[in-house]
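Chain letters run A, B, ... following the sequence lines, proteins first and then strands; every chain starts at 1.
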Number of protein chains: 2
Amino acid sequence: MSFLQLFFKIIFIPYVYAANRSTPKRPYMNKYQKQTRLLAAVDCIVFGFDGQKLKLLLIQRGFEPEKNKWSLMGGFIRPTEGADEAAVRILKILTGLEGVYLEQLHTFAEPVRDPIERTISIAYFALIDTHQYEKQISDEYHAEWFPLESIPDLIFDHKRMVAMAKEKLRYKAALHPILFELLPPKFTLPLLLNLFEDVYEASFDKRNFTRKIMSTGLLLKQKEKDKGSSKKGAFYYKLDKKHYKKNFNKFIHFIRNPNGIS
Amino acid sequence: MSFLQLFFKIIFIPYVYAANRSTPKRPYMNKYQKQTRLLAAVDCIVFGFDGQKLKLLLIQRGFEPEKNKWSLMGGFIRPTEGADEAAVRILKILTGLEGVYLEQLHTFAEPVRDPIERTISIAYFALIDTHQYEKQISDEYHAEWFPLESIPDLIFDHKRMVAMAKEKLRYKAALHPILFELLPPKFTLPLLLNLFEDVYEASFDKRNFTRKIMSTGLLLKQKEKDKGSSKKGAFYYKLDKKHYKKNFNKFIHFIRNPNGIS
DNA sequence: AAAAATAATTGTAAAAATGACAATTAATAA
DNA sequence: TTATTAATTGTCATTTTTACAATTATTTTT
């Protein structure tokens with residue numbers, strides 16, 4: 001790109017734009033002129049559960065900087081979209097999924113996160129059912145699932161983002177039925193217990209756990225059993241979606257003290 | 001400012017900067033060239049408690065746009081500071097206080113929040129002891145405390161920010177000893193009860209409340225009494241700071257169901 | 001000096017939730 | 001028929017929560 005092109009692209013167009021705003025109707029047009037603009041991106045911490053382990057979806061960057069290093073899926077926010085929309089778009093690109101659980105986590109805005117240019121990142125965490133995912137996965141982004149205990153080195157401050165997301169997941173799952181977002185539509189109680197035990201890296205008493213889960217009224221027992229992992233087979237359950245949505249914000253004390261601080 | 005000046009300020013300098021980066025060592029210099037930059041600001045939702053009511057600190061804007069309307073205290077993030085630093089700086093300007101409780105709330109990034117130009121706002125909420133504040137208040141910003149039930153119209157999406165902050169305050173105060181941040185160093189149990197009752201717009205049983213509070217081990221009974229509001233007088237208590245800090249993230253179920261959803 | 005007034009402080013019993021414990025059941029495989 | 005495997009289910013002691021009102025310390029009034 002020539003200097004002249006750059007001139008038009010970066011300088012002239014904004015100037016004209018600003019000039020338009022400086023008509024008598026808007027006497028305050030120069031208000032923000034002095035301020036520094038910066039790039040805004042979205043990064044997604046994507047959790048999944050394959051029935052055994054809680055995992056994280058990462059991509060291998062195909063471009064500089066930090067080419068070939070592992071990274072969270074992210075992208076710049078476009079001029080016409082908000083951060084939530086950007087996160088939804090990026091998640092759709094990566095997983096092919098729509099309507100997944102997505103929540104804003106935190107915004108990382110240290111001046112020197114990205115070596116190229118100042119970029120703030122609005123981080124989101126997502127919970128998806130890996131079975132849904134596997135059907136639609138595109139290898140375009142070199143995406144891979146990693147168990148949480150063996151996450152590779154990540155670019156920029158993505159490691160910190162993951163740590164924060166994990167903490168928030170534990171926090172929230174202790175109080176709200178959020179982990180069901182990781183499960184397929186039909187699941188068994190032993191599977192659910194596995195999930196909780198993996199998330200909290202702890203083991204829970206089956207009887208007490210079942211009692212707690214059942215007392216929430218969230219589960220609908222199905223007639224079919226899953227005979228995959230035992231001779232007796234375990235009954236399938238479904239989420240009572242209405243109950244789930246209506247009571248999502250209510251406290252359910254699944255885990256008393258998620259951080260194990262005495 | 002002349003066109004030439006603008007030219008140098010906005011165009012030339014960044015161009016040179018980018019050119020520096022485009023040495024053979026960094027073949028990816030143009031990577032982000034196409035992306036749109038935007039303004040990033042910080043807004044602070046400042047809560048205070050005057051002994052009677054939970055209140056919000058607002059300022060009357062002295063400049064366009066939305067001059068004379070009420071607003072949260074905010075400002076643009078500077079090139080050399082992160083968002084947390086910006087929030088601290090802005091809070092210092094408004095209240096004169098340092099070291100106050102400050103927590104990132106949420107980032108608002110809809111494309112058209114500010115009519116002048118796209119600006120994303122990283123919102124923080126702060127809890128301060130109004131007594132500390134009153135000593136240092138500067139009227140420069142036309143700051144005023146408003147009870148939560150009579151907040152005036154606010155600019156942009158600030159109303160939504162306040163609503164979210166209030167919700168988060170309730171949520172967090174139900175589980176963590178965060179409301180102590182609103183109290184002076186010495187306070188009485190009836191005052192603490194007042195605070196909780198005002199925050200949750202509910203009334204709590206004195207005996208059960210006291211028992212709960214005392215069981216946390218957070219309070220140190222003082223020998224003096226506050227005789228301001230009764231003949232008998234109420235003992236002062238202080239926070240056990242060490243205990244407070246060490247156990248802050250631990251769940252203490254002050255309020256069982258903060259949203260009152262049955 | 002006694003009584004009244006005011007707000008702070010304190011106790012108890014029933015109900016609910018939790019935590020700690022192992023035997024029984026359903027189905028398949030031997 | 002028996003052995004095997006994993007799922008399912010129950011009880012009791014402890015802790016926590018809830019519901020409810022009498023007592024106490026001090027000042028003001030009589």
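Figure legend: cation-pi geometry between B:K221 and B:F235, with NZ or CZ positioned under 6.0 Å from the six-membered ring centre and within 45° of its axis.
Using a 4.0 Å cut-off on heavy atoms, the residues of residues 212-223 of chain A that approach DNA chain C are A:K212, listed by number.
Rounded to whole Å, atom C1' of C:dA26 lies 16 Å from atom CG of A:L189. Atom pair A:F235:CZ and C:dA27:P shows a separation of 7 Å (rounding to whole Å applied). In this structure, the CG atom of A:L192 is 12 Å from the P atom of D:dT8, given to the nearest Å. When the P atom of C:dA7 is taken as reference, atom CG of B:N194 falls 12 Å away, rounded to whole Å. Rounded to an integer number of Å, the gap from CZ of B:R256 to P of C:dA16 is 13 Å. In this structure, A:Y236 places its OH atom 15 Å from C1' of D:dA6, rounding to the nearest Å. The interatomic distance linking A:L193 (CG) with D:dT9 (C1') rounds to 15 Å, in whole Å. Between A:F209 atom CZ and C:dA17 atom P the separation is 18 Å, expressed in whole Å.
At a threshold of 4.0 Å, the pair B:E201-B:R170 counts as salt-bridged, since one of the basic side-chain nitrogens sits closer than that to a carboxylate oxygen. A salt bridge is absent between B:K206 and B:E197; no separation between the charged side-chain nitrogens and carboxylate oxygens falls under 4.0 Å.
Counting any heavy atom pair closer than 4.0 Å across all strands shown, A:T188 reaches no nucleic acid atom.
The ring of B:F196 has its center closer than 6.0 angstrom to the ring center of B:F254. Separation of the A:H131 and A:Y133 ring centroids does not fall under the 6.0 Å cut-off. Ring centroids of B:F251 and A:Y171 are separated by less than 6.0 Å, placing the two rings close together. Within the 6.0 Å centre-distance limit, the rings of A:F180 and A:F187 are counted as a close aromatic pair.
Of the candidates C:dA8, C:dT18, D:dT8, the closest approach to any side-chain atom of A:H253 belongs to C:dT18.
Within 6.0 Å of the NZ atom in B:K168, the count of heavy atoms belonging to other residues, nucleotides or ligands exceeds 12.
A:D226 meets the salt bridge (charged side-chain N to carboxylate O under 4.0 Å, His left out) test with no other residue; sequence neighbours excluded.
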Going 5' to 3' through nucleotides 20-30 of chain D and flagging B where a protein heavy-atom sits under 4.0 Å of the base, S where only the sugar-phosphate is that close, and - otherwise, we get BB--BBBB---
